[in-house]
Structure formats: C-alpha cells, structure tokens
S.K.: 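Quick one: the structure is below, and I'll ask about it shortly.
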Protein chains: 2
Amino acid sequence: MNNTTVPTIELTERSRGSRCCANDSAPRLSAEAAQQLSDDLQLLAHPIRLQILDMLTRREGQVCVCDLEAALPVKQPTVSHHLKLLRAAGLIDCERQGLWAYYFVRRDALAALRARVVGQIAGL
Amino acid sequence: MNNTTVPTIELTERSRGSRCCANDSAPRLSAEAAQQLSDDLQLLAHPIRLQILDMLTRREGQVCVCDLEAALPVKQPTVSHHLKLLRAAGLIDCERQGLWAYYFVRRDALAALRARVVGQIAGL
DNA sequence: ACAATGCATTGAAGATTGTCAATGTATTTG
DNA sequence: CAAATACATTGACAATCTTCAATGCATTGT
C-alpha cells in the first residue's frame, strides 16, 4: 500500500466548503415501510371512515347502509364510496340479506392494521 | 295516563316496511373527535413526512435541509414544503446557524400526537 | 463589493380526493 | 308484472395535495 504519494486527498474533498453534517445517513424507515405506513394512515385519515369504523365496531353485525347514512353528514353514494374503500382494504365486509346489506368489521384485519400503525409510530 | 285509547300506534309505525335496524345509534366517536383524529393521521400520512420524522428522531439536533434532501427522493422545495407543514403542526422546529438550518423534533409534541392517535384507534 | 451557498417562497401544473345527482341493479311487495 | 326500496356505480365537478422550476433572501468566503 503506497499511500505516501496521496497524503490528504480525501480530507480536502470533505473539508472544502465546511459541510454542515458529516454523516450521510439514510432514514431507518425505508421508503417501502414509509409507503406502507402512509397507506395505512391514509385509509384511516378521514372523519367519515373513522366514524364508520367506530359504528361497525360498536354494533356487531347489524349495521346496514341506511343506518350509516342516517348517522353521518353525507349522502348515500358517499357512504357507499367510503364503504368500498374500507372493503377494498379488507377492513370491513358485508353480507347481503334480501334488500339490505349488513356491514361488519373484520376484527383480525383491523387489529393487524392497528398493530402495524402503533408499532411503526412508536419508533418515531 | 290514559293510554287506553291508543293501543299499538307506535308499533305499527315501526313495523311498517320492516325496518332493517331498530336502533338509531349515533357513533360514539363524535364528529369533532373524528375530525381531530383525522387531522392527526393526515399529517402523518405521507411517506416523505414519515421519513423526515424518522430521520429527525434518530439524529438529535444535527439535521440540516441538505441532509434531508440528499436522503429523500424529492427536490429541495418539496422538502421545505413538508418541513413547513410539520413545523406548522408544532411537531418539529429549527434553529438557524449561519447558512444552515438545523431541524429537530419537538419530542413532547410528537409524544402527544402519538398518544392521541394510539388512544383513539385503540377504541376502533 | 461580489460570487457562492443553503434555504424559503412563489406560482403553476398535474394528480388525487371527496361529494353528490343521476342512473343502474337486485329484491321485495302488492 | 309494476311499484317501491336499498344499495352500488357512473360521471362530473370542486377542492385539496404534491411537486418542482424559478426566484428571493440571508449569510459566508474571497
């Protein structure tokens, strides 16, 4: 190792301009993890969806869309829209009985979501 | 109390049309609480902001904007934009030293936010 | 004073989200 | 079958969010 010819090249490059922070540190939260957590949070981050989840959690298995519509300050298509989002995410599901659709929470999926969210934001 | 004249009026009104759910129940989560929780979640629900919070939490008091910009897949104005949002919410703050701005987490505010979020979604 | 640097702000453009009237689809009831 | 009911879907619109080039503003080094 003949390092006698190049004494302090790396040092000059670093010290030129007096850098603010020496460490180039990638975030411990990876881009993928951040995206996943962001998706989870985004799904919850709407007052109507939160109230829907709240109502479905309280009244196990007996909530039809007309009940939700009556209790929420939005019209029926909007309720259906948010129900569809929650259903696509696997958080809720429904069972049609004749003319009505009874929605219910998928407790395991909701617990898994809650575990991911709580676990990740604990590290912040 | 002369209830002899009106025997089953209320019953007929209820049973007409065979309602889906008898109970009209307001959500336990009030509209105000839902809005507050939604705001908290919305602030966190972005991968860049999550990674910023993560970096600031790890490296106490020595993170300048150029570091964030180097570690994140967005340009400098975008970094400044997200920093401004987090700062307006009181989650972070900065201290200018000469040419650089060192950002840091307000641990108490972040803890309060985390407590609100965890406390509320525990009830879902 | 001048050039360079770090960061904030502005303004514009595109993407996403939220809402609802109108309409469609089943199902029940008369 | 026809009317009524519960819900889903479509399509359009407005509002909000996200991003970045351009620019502005201090501060530092020459």
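Throughout, a chain's letter reflects where its sequence line sits, starting with A, and its residues are numbered from 1.
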S.K.: With rounding to the nearest 0.5 Å, note down the distance linking CG in A/L56 to CG in B/L124.
M.R.: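 Going from CG on A/L56 over to CG on B/L124, the span is 10.5 Å.
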S.K.: Does a side-chain N or O of B/T78 approach OP1 or OP2 of D/dT18 to a distance below 4.0 Å, or not?
M.R.: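 Negative; the distance criterion is not met.
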S.K.: To the nearest angstrom, how far is A/D67 atom CG from D/dT5 atom C1'?
M.R.: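 The answer, rounded to whole Å, is 15 Å.
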S.K.: When rounded to the nearest 0.5 angstrom, what is the spacing between NE2 in A/H46 and CD in A/Q51?
M.R.: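 Rounded to the nearest 0.5 Å, the NE2-CD separation comes to 10.5 Å.
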S.K.: Tell me, please, which residues at least two apart from A/E60 pass salt bridge (Lys or Arg N to Asp or Glu O under 4.0 Å).
M.R.: A/R107
S.K.: Using atom CD of B/Q76 as one end and atom P of D/dT18 as the other, report the distance to the nearest whole Å.
M.R.: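 Computing the B/Q76:CD to D/dT18:P distance gives 18 Å.
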S.K.: With sequence neighbours left out, what residues match A/Q36 under side chain to side chain donor-acceptor pair (under 3.5 Å)?
M.R.: none
S.K.: Mind checking whether B/L113 and B/F104 sit in one hydrophobic cluster, side chains of I, L, V, M, F, W, Y counted as touching below 4.5 Å?
M.R.: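 Different hydrophobic clusters.
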S.K.: Is there side-chain contact between A/V63 and A/Y102, with heavy atoms separated by less than 4.5 Å?
M.R.: no
S.K.: Output yes when A/R28 and B/D54 qualify as a salt bridge under the 4.0 Å nitrogen-oxygen rule, no when they do not.
M.R.: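 So A/R28 does not pair with B/D54 through a salt bridge.
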S.K.: Expressed as a whole number of angstroms, how long is the span from B/E69:CD to C/dT5:P?
M.R.: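 To the nearest whole Å, that distance equals 14 Å.
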S.K.: Contacts to DNA chain D from residues 80-99 of chain A, heavy-atom cutoff under 4.0 Å, which residues?
M.R.: A/S80, A/K84, A/R96, A/L99
S.K.: Below 4.0 angstrom, which residues in residues 41-49 of chain B have at least one non-hydrogen atom near DNA chain D?
M.R.: B/H46, B/R49
S.K.: Please give, in whole Å, the distance from D/dT27 P to B/Y102 OH?
M.R.: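 In whole Å, D/dT27 P lies 15 Å from B/Y102 OH.
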S.K.: Calculate the interatomic distance between B/L68 atom CG and C/dG6 atom P; express it in whole Å.
M.R.: 14 Å
S.K.: Between side-chain atoms of residues 81-88 of chain A and protein atoms elsewhere (two or more places apart, or another chain), which donor-acceptor pairs fall under 3.5 Å?
M.R.:
from: A/H82; atom 1: ND1; to: A/R49; atom 2: NH1; distance (Å): 3.1
from: A/R87; atom 1: NH1; to: A/D93; atom 2: OD1; distance (Å): 2.6

S.K.: OP1, OP2 of C/dA8 versus side-chain N and O of B/Y103: anything below 4.0 Å?
M.R.: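 Answer is yes, contact under 4.0 Å.
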S.K.: 5'-most contact on DNA chain C: B/P77 or A/V74, nearest heavy atom basis?
M.R.: B/P77
S.K.: How would you list, by chain and number, every residue that makes a side chain to side chain donor-acceptor pair (under 3.5 Å) with A/Q76, sequence neighbours excluded?
M.R.: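 Counting only residues at least two positions away or on another chain, A/Q76 forms a side chain to side chain donor-acceptor pair (under 3.5 Å) with A/S80.
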